[in-house]
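See below for the structure under consideration.
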Amino acid sequence: MCNRCPLDFDVNAKVLYQDLLWVGFSYHYKQGFAAMVGVNISSTFNLGYSYDYTTTRLNTVSHGTHEMVLGFLWRKKEEYSE
């Protein structure tokens with residue numbers, strides 16, 4: 001194990017409602033957190049928004065970032081076949 005290597009990790013959670021809407025939260029150890037919301041616009045794509053807030057000294061010049069996300073959903077064939 002490297003003694004000079006800093007500990008770094010993320011914790012993420014996402015909750016899906018009726019396979020349509022979702023909300024989520026992310027925490028980046030000692031660096032910040034994010035909240036996100038989104039919608040599944042089809043069985044293949046979703047659209048989301050995230051606001052990321054930093055808790056480091058960077059927040060004196062950057063008061064967070066806004067992100068728009070277009071996601072591609074990979075599903076197993078059994079999940080979408082009728």
Side-chain angles (χ1 to χ4, degrees):
M1 179 99 188
C2 177
N3 292 334
R4 296 182 310 240
C5 299
L7 176 64
D8 192 26
F9 64 89
D10 289 352
V11 176
N12 305 288
K14 185 175 174 181
V15 177
L16 181 63
Y17 177 72
Q18 293 189 353
D19 204 26
L20 178 65
L21 303 172
W22 53 268
V23 295
F25 179 80
S26 179
Y27 173 72
H28 191 91
Y29 180 67
K30 291 187 176 181
Q31 293 188 29
F33 53 89
M36 54 203 104
V37 295
V39 61
N40 292 342
I41 55 179
S42 73
S43 62
T44 308
F45 294 101
N46 67 26
L47 186 62
Y49 166 78
S50 173
Y51 179 75
D52 192 343
Y53 183 77
T54 184
T55 55
T56 65
R57 291 184 305 181
L58 182 61
N59 72 3
T60 60
V61 293
S62 171
H63 301 290
T65 58
H66 300 270
E67 300 174 17
M68 294 297 297
V69 178
L70 176 61
F72 180 75
L73 303 171
W74 288 1
R75 299 180 188 234
K76 294 180 182 177
K77 188 175 182 179
E78 308 86 59
E79 291 182 22
Y80 61 84
S81 63
E82 294 182 17

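Using a 4.5 Å cut-off on side-chain heavy atoms (C-beta onward), Val39 and Leu21 make contact. A 4.5 Å side-chain heavy-atom check between Asp8 and His28 finds at least one atom pair inside the cut-off.
With Phe33 as the fixed residue, the side-chain contact (heavy atoms from CB on, under 4.5 Å) test singles out one of Thr55, Thr54, Asp10: Thr55.
Leu73 and Leu47 fall into different hydrophobic clusters, defined by Ile, Leu, Val, Met, Phe, Trp and Tyr side-chain heavy atoms under 4.5 Å apart, directly or through other members. In the hydrophobic cluster analysis, where Ile, Leu, Val, Met, Phe, Trp and Tyr join through side-chain heavy atoms closer than 4.5 angstrom, Leu58 is grouped apart from Tyr51. Criterion: ILVMFWY side-chain heavy atoms under 4.5 Å apart, direct or through other members. Under it, Leu20 and Met36 are not part of a common hydrophobic cluster. Leu16 and Val11 are not part of a single hydrophobic cluster, where members link through side-chain heavy atoms under 4.5 Å apart. Cluster membership check: Val37 shares its hydrophobic cluster with Val15, using side-chain heavy-atom separations under 4.5 Å among Ile, Leu, Val, Met, Phe, Trp and Tyr.
The ring pair (Phe, Tyr, Trp, His ring centres under 6.0 Å) pairs that include a residue from residues 5-25 are Phe9-Tyr29, where partners are two or more places apart or lie in different chains.
How far CE of Met68 is from OH of Tyr49: 8.5 Å, rounded to the nearest 0.5 Å. Rounded to the nearest 0.5 angstrom, Asn40 CG and Phe45 CZ are separated by 12.0 Å.
Closest of all the heavy-atom pairs between Gln31 and Thr56 is CA-CG2, 3.8 Å.
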